[in-house]
2 protein chains.
Amino acid sequence: MKDVASHAGVSTATVSRVLNGHAAPTQETRARVLAAIEELGYRPNALARSLRTTATKTFGLVISDLVNPFFAEIARAVEQEARAHGYCVVLANADESAEQQTTYVRTLLDRRVDGLLVCPATDDAAWMDEVVATGLPLVLLDRSVPGADCPVVRVDGAEALADLAATLVGAGHERVGVIAGPSDTSTGRERLAQFGSALAELGHPVHPDHVVHGDFRWESGKQAAAKLMGLPDRPTALVAMDNLMGLGALEQVRELGLSVPGDVGIAVYDDQPWFPLLDPPLTVIAQPTVEMGRAAARCLIALIADEQPPDVDLTARLVKRGSCGETGRG
Amino acid sequence: MKDVASHAGVSTATVSRVLNGHAAPTQETRARVLAAIEELGYRPNALARSLRTTATKTFGLVISDLVNPFFAEIARAVEQEARAHGYCVVLANADESAEQQTTYVRTLLDRRVDGLLVCPATDDAAWMDEVVATGLPLVLLDRSVPGADCPVVRVDGAEALADLAATLVGAGHERVGVIAGPSDTSTGRERLAQFGSALAELGHPVHPDHVVHGDFRWESGKQAAAKLMGLPDRPTALVAMDNLMGLGALEQVRELGLSVPGDVGIAVYDDQPWFPLLDPPLTVIAQPTVEMGRAAARCLIALIADEQPPDVDLTARLVKRGSCGETGRG
DNA sequence: TTGTAAGCGTTATCAG
DNA sequence: CTGATAACGCTTACAA
């Protein structure tokens, strides 16, 4: 920067002013400075700038699992919205681990990001205290945690789950097995509770033995399906509460040589562009991932602008594709 | 930091020494400092530290498309390996756009990352000059660019493509349609060339009309398939040179009411855990994504350590699952 | 309109 | 072993 200044015959202060689009400098000096910058190929040091201004124009995004396409879509949407507002996104992948999440949150705090977007791995909110202590704007995404007081962007699946319950019952399913998420996540608990009560209301309560908790990943879904289908009074349909567990369940069912939906129906939470191409096309509960990411980013931007954005509640919806036998029987 | 210093009755220099694990401080002063840090909940400012040390302990990773699961897997692997070596990864998503890629590279340079990992969106290497000018360690991943002189981590698919060609011919396919990648990407060109020459050697050269270029994304694959299947002398098999285009092609073929592999065979480049669950299970060329990511990160670390790491060449392999009719006919 | 100078939170050099 | 002190590269009153 000193080089640029001397090259243009001005002070560093003027260079800085040109760089930051201040009104002060003359057209003429501005041109000289710009020319010098061009000639020297100068690029400002964002570190030094941030140290001085205490703003990094960066968001930290901590997601639970990057290879889960649901979160990948969210990440992309967050990043697009952030960029549209001049922010850059540092993405951290917690891999569904609470400790790793804490580590990352700390790293991001140390780097002085301007705001934090977190999809909490578990209910354990120890990491939140540190964030709150620094007063850093924070938005929770997808999952909430018990005593948190910060904006939350989530999706309400109650209605969709009720629709699914009705569809299953309508298709003649007597016993529905549920592959639920971890009970120390809000989505794990809520989806199970909402679906359970919807089925109960229809007179087909879920049998306690027909509920297995997984960890939102493929392998756990596969094992859960194995367990459920090994039961003497096995379910006639399986509902997995996230896409990875659903795929694991489908794989297991196939390995058992069962046909879907003939021998057993399957429905899963989350949709993917290629789900219609599966054998069979899966009936799903679709979440508005792009809207989630965008809303969360906007929420954080509002928070940074000292506004008080409300929670965002989006709605999931049922997409029937026949994997529960609903076309044939319902 | 000043607070910590006065709390512990030492100077900031000593606090710094404790923080950085210098040998100097006494056990006793060290303990006092640590206690003060704990009590005040002090966290060092990574920005200031980096400004002083000119090291950020951060890699920049620019990928072509985050929602392409192939790249998501790579990103995850890079991040794991980097973390194991004490580096943090800033992920930027170019969305297959050259301009966006340039923007991001610049942003990362400005933030003074310690090294850059790039999956180039196109052959256009204008962005590289800026990187080279700064002398920043750079590693290319998945795709190479013409005159680049920096380590490249790539996958050799020649053998797998030859296997695929033989399999297709063996299954009785007379006319193979190719949905290739953009010809301004190394992978787009190479895969087409290698596959083409393999088929030619077997006496079944690809007809020029049977080659359509896409952009490595779903929609382009779908359109390419529509075009190819609309031909009077349409192909008996379609080979898509990446997973997204392959899925698009499969969707199109299904919409046309064609059966796979009965009416048309399909094979795609890239594998995914759920490909066996598709209808039909797809025959693919699988790339070692995790190894790619890890190797690239290691390569960058070596470069930073002033070593001269060689290029890394991994190998893809054919996985037959029957979508080309190879079980029935081959 | 422009320049001077202080300071952002660290680390590193040099005395003590 | 420890403490002043000078950078690191930038922004921003304040003065001119």
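Per chain, numbering begins at 1; letters A, B, ... match sequence-line order.
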How would you label the contact of B/V10 with the nucleic acid (heavy atoms, under 4.0 Å): base, sugar-phosphate, or nothing?
sugar-phosphate
Atom CE of B/M1 and atom P of C/dT10: how far apart are they, to the nearest Å?
6 Å
Write down the distance between NZ (A/K2) and C1' (D/dC8), rounded to a whole number of angstrom.
10 Å
Using a strict threshold of under 4.0 Å (side-chain N to carboxylate O), is an ion pair present between B/D184 and B/R189?
no
Using the closest heavy atom to pick a nucleotide of DNA chain D for each, name whichever of B/R30 or B/T54 lands nearer the 5' end.
B/R30
Rounded to the nearest Å, what distance is computed from the NZ atom of residue A/K57 to the P atom of nucleotide D/dT11?
14 Å
Given C/dT11, is OP1 or OP2 found less than 4.0 Å from the side-chain N or O atoms of B/N20?
yes
Rounded to the nearest Å, what distance is computed from the CZ atom of residue A/R17 to the C1' atom of nucleotide C/dG3?
7 Å
Is A/T14 near enough to C/dG3 that one of its side-chain N or O atoms lies under 4.0 angstrom from OP1 or OP2?
yes
Quick note, A/T12 side chain, CB onward, closest among D/dG3, D/dT11, C/dA12 is D/dT11
Should B/C88 and B/F59 count as side-chain neighbours, where that means a heavy-atom distance under 4.5 Å?
no
Please give, in whole Å, the distance from D/dC8 C1' to A/N45 CG?
8 Å
Under 3.5 Å, is there a donor on one side chain and an acceptor on the other for A/D95 and B/Q80?
yes
Closer to the 5' end of DNA chain C via nearest nucleotide, is it A/T26 or B/V15?
A/T26
Without decimals, in angstroms, what is the distance between B/L51 CG and D/dC10 C1'?
8 Å
Modelled atom types, side-chain donor and acceptor of A/D114 and A/T56, under 3.5 Å:
yes
B/H22 NE2 to D/dT2 P, in whole Å, measures 13 Å
Both B/T53 and B/A13 contact DNA chain D. Which one's nearest nucleotide lies toward the 5' end?
B/A13
Separation of atom CZ in A/R49 from atom P in C/dG7, rounded to whole Å:
22 Å
Counting any heavy atom closer than 4.0 Å, what does A/S50 reach on the DNA or RNA strands: base, sugar-phosphate only, or nothing?
nothing
Nearest-nucleotide pick for B/T29, side chain only, options being D/dT2, D/dC10, D/dT12:
D/dT2
Flag yes if more than 12 heavy atoms outside B/D149 fall under 6.0 Å of its CG atom; otherwise flag no.
no
When you compare the side chains of A/N20 and A/S16, does any donor N or O come within less than 3.5 Å of an acceptor on the partner?
yes
Measure distances between side-chain N and O atoms of A/R52 and base N and O atoms of C/dG9, and say whether any donor-acceptor pair falls under 3.5 Å.
no
Touch check for A/S16, heavy atoms < 4.0 angstrom, all strands: base, sugar-phosphate only, or nothing?
base
Categorize B/R43 for me: base, sugar-phosphate, or nothing, with a 4.0 angstrom heavy-atom threshold over every strand shown.
sugar-phosphate
Quick note, A/A24 side chain, CB onward, closest among C/dT10, C/dT2, D/dT12 is C/dT2
From the candidates C/dG9, C/dT10, C/dT4, the one with an atom nearest any side-chain atom of B/Y42 is C/dT10
